[in-house]
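Okay, structure first, notes after.
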Amino acid sequence: MQHLKGDKSQKPVVLVGKGITFDTGVLNTDAEGRLILCDALTYAERFEPSAVVDIATLTGACVIALGHHATGLFSNNDALAKELLRAGESALDRAWHMPMWDDYQPQLDSNFADMANIGGRAAGSITAACFLSRFAEKFDWAHLDIAGTAWKSGKEKGGTGRPVPLLTAFLVARAEK
């Protein structure tokens, strides 16, 4: 991705590692992190992982959906999602499994590129995860949207350390298999 200066500097179509183009236009200039995540997922594919779990403050929409109590969990594999949910429960670092039904995918359609980098306001956290899922088709994948759980504001302002307890419990359980 290029950051350019000037009033005519925006490149509305971006190409990433898999040769897929994105319509970034002026849809949302705050959604560039997912472009880096999709390149990371593309890179991970070459190692044929048994599973990939990525973590990001992907969307403010997840805060609207779940508040500050549960991390949003999106996955292309229900067994992996259940492992993460169990780990979260045992570590008192809960997540909630969000849907990623095919019904949401058309929100990422673009007239100018292979896909848009956002799906609009409706189901924003879901369509952001659907976007990432397109780069995790060859391995089990989960995304933890920690936008609502990564930090506190107000009098208790600061980082929470979440989802470290969830991930630790997940890895310990996997190591014990």
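We use all heavy atoms of the structure for the numbers below, so side chains are in, but hydrogens, waters and symmetry mates are not.
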Shortest non-hydrogen contact between Pro106 and Asp103, atoms and distance: CD-O, 3.4 Å

Quick check: closest heavy atoms across Ala81 and Ser75, and the distance to 0.1 Å? CB-CB, 3.9 Å

Can you get from Val172 to Leu166 by hopping between Ile, Leu, Val, Met, Phe, Trp and Tyr side chains that sit under 4.5 Å apart? no

Heavy-atom check, side chain of Cys130 versus side chain of Leu108, under 4.5 Å: yes

Under a 4.5 Å side-chain heavy-atom rule over Ile, Leu, Val, Met, Phe, Trp and Tyr, are Val52 and Met98 clustered together? yes

Got a sec, which residues hit side-chain hydrogen bond (donor to acceptor under 3.5 Å, both in side chains) with Thr71, two or more places apart in sequence or on another chain? Thr149

Between Phe170 and Leu80, is the side chain to side chain contact (heavy atoms under 4.5 Å, CB included) condition met? List the steps. CA-CA 10 Å; Phe170 169 73; Leu80 175 59; 3.8 Å; yes

Atom pair SG/CD1 of Cys62 and Ile146 - distance to nearest 0.5 Å: 10.5 Å

Does Ala122 offer a backbone N or O that forms a donor-acceptor pair with the side chain of Gln107 under 3.5 Å? yes

Looking at every heavy atom in both Ser133 and Gln105, which two are closest together, and how far apart are they? OG-NE2, 3.7 Å

Minimum side-chain heavy-atom gap Ser125-Phe74 below 4.5 Å: yes

Rounded to the nearest 0.5 Å, what separation is found between the CD1 atom of Ile55 and the CZ atom of Arg162? 13.0 Å

Arg94 atom CZ, over 12 foreign heavy atoms within 6.0 Å: no

Would you check if Glu83 and Arg174 make a side-chain contact, meaning some heavy-atom pair closer than 4.5 Å? yes

Taking all heavy atoms of Leu73 and all of Ala95, pick out the closest pair and write down the distance. CB-CB, 4.1 Å

After noting the C-alpha distance and the side-chain angles of Lys82 and Glu89, does the key distance pass the salt bridge (charged side-chain N to carboxylate O under 4.0 Å, His left out) rule? CA-CA 10 Å; Lys82 287 176 184 170; Glu89 288 292 331; over 6 Å; no

Exercise: identify the closest heavy-atom pair between Tyr104 and Thr127: O-CG2, 4.0 Å

Close side-chain approach of Pro165 and Leu92, heavy atoms under 4.5 Å: no

Which residues share a side-chain hydrogen bond (donor to acceptor under 3.5 Å, both in side chains) with Thr59, sequence neighbours left out: Asp145

How close do Leu132 and Arg34 get, counting heavy atoms only, and between which atoms? CD2-O, 3.7 Å

Is the shortest side-chain heavy-atom distance between Leu37 and Leu58 below 4.5 Å? yes

Heavy-atom check, side chain of Trp96 versus side chain of Leu85, under 4.5 Å: no

Review item, side-chain donor-acceptor pairs of residues 135-144, under 3.5 Å, at least two apart:
unit_1, atom_1, unit_2, atom_2, d
Asp140, OD1, Asn77, ND2, 3.3
Trp141, NE1, Asp54, OD2, 2.7
His143, ND1, Asp54, OD1, 2.2

